[in-house]
Amino acid sequence: MATVAPNADASAAAPAPVESNVKPKCANVNNNNSARSSRLGSADQDTDTLVDQRFGWCNFQPQWLQRFCTAKWALFWLCWGGALQGLIVNGLINVSISTIERRFGLRSRQMGLVASGYDLASFACLVPVTYYGGRKGASKPRFIAIGLMVMGLGSLIFLLPNFLVASPYRATIAEANVCELESSSHNANPNQTKQFPCDLNAGNGEREEYDSLTWTVWLFFGAQLLHGAGAAPLFTLGVTYIDENVSKKMSSVYLGIYYTMATVGPAIGYVLGGQLLLIYTDWLTVDPVQLSLTSDSKVWIGAWWLGFIFAAGMCLLIAIPIFGYPKTLPGADKLQLEKVSEAHATKTVAEQIELEASEGSEGSCGHRRLGQLPQAVLSLLKNPTFFFLNLAGATEGLVIAGFAAFLPKQIENQFSISPMLSALVMGLITVPAGGGGTFLGGYLVKKWNLACSGIIKMCLVATTVAAFFTFCFLVSCPNPKFAGVTTSYNLESRSGPPELLSNCNANCGCSHSNYDPICGINGVMYYSPCHAGCGQEEHVESLKRYHNCSCIESVGWVDDGVAAALHADATNLKCDSTCHSLPYFVGLCFVLMIFTFLATMPALSATLRCVQDEQRSFALGLQWIKVRLLGTIPAPLIFGALIDESCILWHEPCDEQAGGACLVYDNFYISRYMWLLALICKLGSVIFFLCAWLFYVPPSKQPVSANGKQDI
């Protein structure tokens with residue numbers, strides 16, 4: 001095997017003997033050192049290349065801008081692009097799922113469909129984007145910049161439902177939702193109660209509002225399609241653009257930084273979105289104080305849509321500098337000469353030369369034909385290491401996408417905390433664990449100078465440890481006390497279908513469409529003041545106090561909550577949780593996330609190394625197709641369906657066709673479902689990483705790089 005000379009002239013003057021039978025301009029052999037030697041052209045071609053490697057827009061390429069035409073600055077802007085993708089898709093949207101469900105009366109299945117729209121669009125766009133974006137002469141930065149603009153457009157469409165609904169959100173009905181006893185009734189019979197018509201109880205227009213909100217699912221879904229299409233080039237063409245313009249030793253570090261920022265993006269989205277949820281959704285036109293509402297109220301809806309305005313503007317701004325980068329950065333050709341191949345050995349050098357020579361004689365040099373696409377796919381599928389790495393990526397993608405979408409909601413309901421606090425917890429876990437694990441994975445590959453086989457073993461060990469820590473989802477809390485659902489009105493434990501009517505509220509004429517939960521002095525939640533039998537409502541600043549509640553009786557103790565302090569039977573706040581398991585869950589989940597993300601960057605590096613250099617862009621695109629088709633697309637649908645199965649109390653809107661959001665979940669089942677999903681996916685990843693390592697066949701002879709050191 002010929003050793004590559006350290007400079008271009010030497011390589012051109014003394015080509016490897018195996019290239020003598022192939023036209024110099026069209027040769028592309030398995031020996032990447034010889035293949036890269038054939039890419040060097042004449043001095044005129046080098047001059048044209050330098051002109052094409054300038055930073056700027058069209059003819060505006062001043063010399064002072066060329067200081068930004070480096071791999072570090074390119075990484076800087078690409079990192080912000082990756083962070084924005086995570087901020088929007090995995091941050092702002094995921095933290096707002098439970099709020100959007102309550103605002104528009106949607107179910108987790110429907111929001112699972114919305115979440116899967118991102119991956120559906122990525123799945124549809126990956127083949128054309130990676131195939132044509134990876135062609136010789138194609139501008140990867142231009143593909144990425146256009147994608148960011150499309151993603152910004154998707155964010156603007158995602159917030160439209162907030163402004164297109166017929167009427168503003170109404171957390172409570174206009175009149176006091178209290179018990180009004182029927183004077184003609186003397187015997188309370190829960191089976192014979194007066195049910196007011198929906199249009200009378202809920203006020204004018206509520207039925208029309210529920211009728212109109214069903215279309216919002218498809219608008220959200222369309223916005224997610226644009227998000228997915230816009231993000232398609234970021235982690236395919238963006239990764240190969242970085243890898244092509246830095247040295248092999250620094251590639252893992254650069255990619256580690258890139259993926260770390262992509263992981264930090266969701267954390268920023270969680271924190272930003274959580275803080276925005278403290279603002280009332282209709283703060284421009286409605287004062288929540290006049291409605292006696294605070295962010296601690298169960299019917300509070302935060303300004304989930306504000307963050308998407310910021311995100312859309314940032315996408316457009318970041319696209320501008322990325323548009324200015326050239327197809328290749330200065331010095332990239334020299335770096336390609338110094339790189340050696342670790343591709344899975346499938347053919348001998350002579351066989352590959354003969355194949356490439358025959359392909360080169362059929363068409364123009366350096367251009368791909370659409371008819372060669374099936375052959376390119378087949379050659380990658382015959383690579384067993386690449387195949388099993390794809391399956392491992394699919395199982396990892398399934399568990400990551402599912403929990404990214406619904407873990408904030410699970411934490412909110414499992415530990416009875418507000419959406420804002422749930423978003424803050426997710427942000428605190430994701431920043432150090434997700435970002436740190438991703439960066440640490442890339443750093444360890446560089447520090448230990450791991451070859452492809454060693455990288456796969458590292459992924460195997462990290463995933464095995466992560467599989468053990470999936471038991472963190474078994475840490476759960478008992479169901480909160482909810483009258484008629486988890487406990488009876490006489491405070492005895494119960495099971496079975498909800499029974500919101502009892503002797504104490506039978507003659508109140510309560511409507512199930514009016515969900516206005518209150519916390520009693522006994523620490524029990526009630527569906528509404530009417531269902532608690534409260535006869536009097538009192539407004540005190542931003543609170544509502546209820547008195548003369550026939551269903552709330554003194555039990556000799558009072559909760560530490562607000563009701564007792566205000567000398568009322570109940571208030572319109574959530575009851576304080578008596579479960580203190582959240583710190584244990586956060587600690588165990590932190591370890592799980594570290595080892596999960598510790599394998600992400602090494603797995604990507606192994607994928608890039610086990611295929612031929614000219615196949616890298618297309619290989620990443622094909623891998624992401626499998627990951628999305630088998631993992632991230634069905635993940636939100638599976639998680640959403642199981643979460644809906646855990647619901648024990650649904651909201652009953654005026655229009656039965658409109659569905660309704662879940663109000664109370666069974667903590668036992670939701671935790672067991674999440675644990676089983678995580679465990680099955682992690683065990684699958686362990687098996688696939690093990691197969692990828694066992695089937696990997698390194699090159700017969702380890703190539704020697706230009707600096708004279710053998711790659712290990």
> Are Cys472 and Cys589 close enough that their SG atoms are less than 2.5 Å apart?
Replying inline: no

>> Looking at Leu500, is its backbone amide N or carbonyl O close enough to the side chain of Asn505 to form a donor-acceptor pair, meaning the two atoms are under 3.5 Å apart?
In response: yes

>> Is there a salt bridge (Lys or Arg N to Asp or Glu O under 4.0 Å) between Arg102 and Glu412? Walk through the geometry before answering.
In response: CA-CA 14 Å; Arg102 294 197 305 271; Glu412 173 188 343; 3.4 Å; yes

> How long is the span from the OG atom in Ser98 to the CG atom in Leu106, to the nearest 0.5 Å?
Replying inline: 12.0 Å

> Distance-only, no hydrogens or angles: does the Ser422 side chain make a donor-acceptor pair with backbone N or O of Ser418 under 3.5 Å?
Replying inline: no

>> Quick check: do Thr571 and Ile518 have side-chain heavy atoms less than 4.5 Å from each other?
In response: no

>> Nearest 0.5 Å, please: how far is CG in Leu663 from CG in Asn413?
In response: 10.0 Å

> Can you name the closest pair of heavy atoms from Val217 and Val114 and give their distance?
Replying inline: O-CG2, 3.8 Å

> Sub-3.5 Å donor-acceptor pair from the side chain of Gln414 to the main-chain atoms of Cys477, do we have one?
Replying inline: yes

> What are the two closest heavy atoms between Val399 and Cys681, and how far apart are they?
Replying inline: CB-CB, 3.9 Å

> Side chains of Val524 and Tyr489: does their closest heavy-atom pair fall under 4.5 Å?
Replying inline: no

> Hey, mind stepping through Arg103 and Ile100 against side chain to side chain contact (heavy atoms under 4.5 Å, CB included) and telling me if it holds?
Replying inline: CA-CA 5 Å; Arg103 171 64 181 91; Ile100 292 175; 5.6 Å; no

> Got a donor-acceptor contact below 3.5 angstrom from the Asp119 side chain to the Ser116 backbone?
Replying inline: no

> What is the minimum heavy-atom distance between Ile93 and Val89, and which atoms define it?
Replying inline: CB-O, 3.7 Å

>> To check you understand the geometry: which heavy-atom pair defines the closest contact between Ser416 and Ser577, and what is its length?
In response: CB-CB, 3.8 Å

> What do you reckon, is CZ of Phe471 surrounded by more than 12 foreign heavy atoms closer than 6.0 Å?
Replying inline: yes

> Roughly how far, to the nearest 0.5 Å, is the CD1 atom of Ile429 from the CD1 atom of Ile594?
Replying inline: 11.0 Å

> Between Asn479 (side chain) and Asn667 (backbone), is there a donor-acceptor pair under 3.5 Å?
Replying inline: yes

>> Do Trp300 and Lys574 have side chains that approach each other closer than 4.5 Å (heavy atoms only, starting at C-beta)?
In response: no

> Between CD of Gln623 and CG of Leu391, what distance do you get to the nearest 0.5 Å?
Replying inline: 10.0 Å

>> Just so I know, are the side chains of Leu573 and Cys519 near enough to count as touching, which here means a heavy-atom distance under 4.5 Å?
In response: no

> What do the steps show when you test Ser108 against Phe406 for side chain to side chain contact (heavy atoms under 4.5 Å, CB included), and what is the final call?
Replying inline: CA-CA 9 Å; Ser108 295; Phe406 291 105; 4.1 Å; yes

>> Nearest 0.5 Å, please: how far is NZ in Lys409 from CE in Met111?
In response: 9.0 Å

>> Run the side chain to side chain contact (heavy atoms under 4.5 Å, CB included) test on Leu306 and Trp283 for me, step by step, so that the C-alpha distance in whole Å, both residues' side-chain angles and the decisive distance to 0.1 Å come before the verdict.
In response: CA-CA 11 Å; Leu306 275 177; Trp283 59 276; 3.8 Å; yes

> Would you say Gln110's side chain and Arg107's backbone share a donor-acceptor pair under 3.5 angstrom?
Replying inline: yes

> Got Leu677 and Phe639 here, is their nearest side-chain heavy-atom distance under 4.5 Å?
Replying inline: yes

> What heavy-atom pair brings Ala401 and Ala635 nearest, and what distance separates the two atoms?
Replying inline: CB-CB, 4.0 Å

>> If we ignore hydrogens and angles and just use 3.5 Å, is the side chain of Tyr665 paired with the main-chain N or O of Glu645 as donor and acceptor?
In response: no

> Does Asn572 reach the main-chain N or O of Lys544 with its side chain, forming a donor-acceptor pair under 3.5 Å?
Replying inline: yes

>> On a heavy-atom basis, which atom in Val95 and which in Gly273 lie closest, and how many Å separate them?
In response: CG1-CA, 4.0 Å

>> Could you check whether any side-chain N or O of Ser646 sits under 3.5 Å from a backbone N or O of Leu642, counting only pairs where one atom can act as donor and the other as acceptor?
In response: yes

> Taking the six-membered ring for Trp, is the centroid-to-centroid distance between Phe439 and Phe597 below 6.0 Å?
Replying inline: no

> Are the charged groups of Lys481 and Glu492 less than 4.0 angstrom apart, N to O?
Replying inline: no

> Which value, rounded to the nearest 0.5 Å, describes the distance between Ile88 atom CD1 and Asn94 atom CG?
Replying inline: 12.0 Å

>> Are Tyr258 and Phe235, when compared by the centres of their aromatic rings, separated by less than 6.0 Å?
In response: yes

>> Check the orientation of Phe158 and His227. Use parallel for under 30°, tilted for 30 to 60°, and perpendicular for over 60°.
In response: tilted

> Side chains of Met426 and Leu407: does their closest heavy-atom pair fall under 4.5 Å?
Replying inline: yes

>> Taking the side chain as everything from C-beta on, heavy atoms only, tell me whether Asp666 gets closer than 4.5 Å to Tyr669.
In response: yes

>> Can a donor-acceptor pair be found, under 3.5 Å and without considering hydrogens, that links the side chain of Thr487 to the backbone of Ala483?
In response: no

> Between Phe473 and Phe403, does a ring-ring contact (aromatic ring centres under 6.0 Å, His included) hold up when you go through it step by step?
Replying inline: CA-CA 11 Å; Phe473 294 105; Phe403 282 114; 4.5 Å; yes

>> Would you say that Ile411 contacts Ile417 through its side chain, given a criterion of any heavy-atom pair below 4.5 Å between the two side chains?
In response: yes

> Can Ser685 and Thr463 be said to form a side chain to side chain donor-acceptor pair (under 3.5 Å), step by step?
Replying inline: CA-CA 7 Å; Ser685 299; Thr463 308; 5.8 Å; no

> Is it true that atom CH2 of Trp305 has more than 12 heavy atoms of other residues, nucleotides or ligands lying nearer than 6.0 Å?
Replying inline: yes

> Checking side chain to side chain contact (heavy atoms under 4.5 Å, CB included) for the pair Phe668/Ser476: CA distance, chi angles, key distance, verdict?
Replying inline: CA-CA 7 Å; Phe668 176 84; Ser476 61; 5.8 Å; no

> For Asp644 and Arg109, what are the C-alpha separation, side-chain angles and deciding distance, and is it a salt bridge (Lys or Arg N to Asp or Glu O under 4.0 Å)?
Replying inline: CA-CA 7 Å; Asp644 279 348; Arg109 285 184 175 88; 3.3 Å; yes

